Chemist: 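One structure, as structure tokens, below. Some questions next.
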Amino acid sequence: MGRWPARVYGEGAEPDPRFTFANERTFLAWLRTALALVVAGVAVDVLAESADDAAGAYRPLAAALIVLGMAASAAAFARWMANERAMRRREPLPGLGLGTVLAGGIAVVALGLVLLIVL
């Protein structure tokens, strides 16, 4: 049939379509999160410019949010592939992996924003 990516679809047996659809919904949720992080980074940057942030304290946090959004987008695809491959092989699903890094990064950026707002 020639579905892409071949390294996912080229092995194992077709899983129950419900599981494949659930994996796709999770992938789309990760993409929504990635988009929200990028938009939040742009918003922080725009607000910093409108507040005349001369010290540039908000810029690194805005950049960090955008980088986290990029990482979430890449992780979404990698995670979808790993889950789909595991289901086709009838193996246990992989662990969270990069999700923990993203959660930690978001927590650090949020802490930095709170400190800038309070101080």
Side-chain angles (χ1 to χ4, degrees):
M1 185 172 196
R3 294 189 298 180
W4 185 86
R7 65 182 178 193
V8 171
Y9 294 114
E11 56 187 270
E14 285 290 321
D16 186 329
R18 294 173 293 179
F19 301 134
T20 298
F21 290 141
N23 190 29
E24 184 177 330
R25 284 191 301 274
T26 303
F27 171 67
L28 294 172
W30 275 76
L31 290 181
R32 284 190 301 271
T33 301
L35 181 60
L37 287 166
V38 171
V39 169
V42 171
V44 167
D45 187 53
V46 168
L47 290 174
E49 284 183 16
S50 67
D52 196 25
D53 180 29
Y58 288 92
R59 276 249 152 94
L61 293 174
L65 285 167
I66 293 170
V67 168
L68 284 169
M70 291 173 13
S73 179
F77 185 67
R79 187 169 173 79
W80 171 83
M81 283 196 324
N83 287 341
E84 192 68 24
R85 193 177 307 120
M87 287 189 300
R88 295 178 71 78
R89 293 177 180 169
R90 304 213 185 283
E91 297 175 349
L93 295 178
L96 189 54
L98 191 57
T100 56
V101 174
L102 291 171
I106 293 168
V108 168
V109 170
L111 177 63
L113 286 169
V114 167
L115 291 174
L116 284 173
I117 291 169
V118 171
L119 303 175

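Here the structure is a predicted model, which is why all the values come from computation and not from measurement.
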Chemist: As a test of understanding, state which of Glu84, Glu14, Glu11 forms a salt bridge (charged side-chain N to carboxylate O under 4.0 Å, His left out) with Arg89.
Modeler: Glu11
Chemist: Once you round to the nearest 0.5 Å, how far does CG of Leu68 lie from OG1 of Thr33?
Modeler: 11.5 Å
Chemist: For the CD1 atom of Ile117 and the OH atom of Tyr58, what is their distance to the nearest 0.5 Å?
Modeler: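 Going from the CD1 atom of Ile117 to the OH atom of Tyr58 covers 5.5 Å.
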Chemist: In residues 34-47, what donor-acceptor pairs under 3.5 Å come from side-chain atoms, sequence neighbours left out?
Modeler:
residue, atom, partner, partner atom, Å
Asp45, OD1, Arg59, NE, 2.6
Asp45, OD1, Arg59, NH2, 3.2

Chemist: When hydrophobic residues are tied together by side-chain contacts of less than 4.5 Å, even through go-betweens, does Phe21 share a cluster with Phe77?
Modeler: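 No: no chain of side-chain contacts under 4.5 Å links Phe21 to Phe77.
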Chemist: Please determine whether residues Trp30 and Met87 belong to a single hydrophobic cluster, defined as Ile, Leu, Val, Met, Phe, Trp and Tyr linked transitively by side-chain heavy-atom distances below 4.5 Å.
Modeler: no
Chemist: Should the pair Phe27 and Trp80 be assigned to parallel (<30°), tilted (30 to 60°) or perpendicular (>60°) ring geometry?
Modeler: tilted
Chemist: Do Leu102 and Met70 belong to the same hydrophobic cluster, where Ile, Leu, Val, Met, Phe, Trp and Tyr are linked whenever their side-chain heavy atoms lie under 4.5 Å apart, directly or via other members?
Modeler: no
Chemist: What distance separates Arg88 CZ from Asn83 CG, expressed to the nearest 0.5 Å?
Modeler: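 Going from CZ on Arg88 over to CG on Asn83, the span is 13.5 Å.
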Chemist: If you take all heavy atoms of Ala75 and Leu98, which pair is closest and at what distance?
Modeler: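 Scanning both residues completely, I find the closest heavy atoms to be CB-CD2, 3.3 Å.
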Chemist: How long is the gap from CD on Glu91 to CZ on Arg85, to the nearest 0.5 Å?
Modeler: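 If I round to the nearest 0.5 Å, the distance is 9.5 Å.
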Chemist: Apply the side chain to side chain contact (heavy atoms under 4.5 Å, CB included) test between Val109 and each candidate in Leu61, Val67, Val114; give the one that qualifies.
Modeler: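 Single pass found, and it is Leu61.
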Chemist: Under 4.5 Å between side-chain heavy atoms, counting indirect links through other Ile/Leu/Val/Met/Phe/Trp/Tyr residues: same cluster for Phe19 and Leu93 or not?
Modeler: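 Phe19 and Leu93: one cluster.
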Chemist: Could you state the interatomic distance from CG (Leu111) to CD1 (Ile106), rounded to the nearest 0.5 Å?
Modeler: 13.5 Å
Chemist: Write down the atom of Pro94, the atom of Arg79, and the distance for their closest heavy-atom approach.
Modeler: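 For Pro94 versus Arg79, the nearest heavy atoms are O-NH1, 4.5 Å.
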Chemist: Measuring from atom CG of Leu28 to atom CZ of Arg32, what distance do you get when rounded to the nearest 0.5 angstrom?
Modeler: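 Nearest 0.5 Å value for the CG-CZ distance: 6.0 Å.
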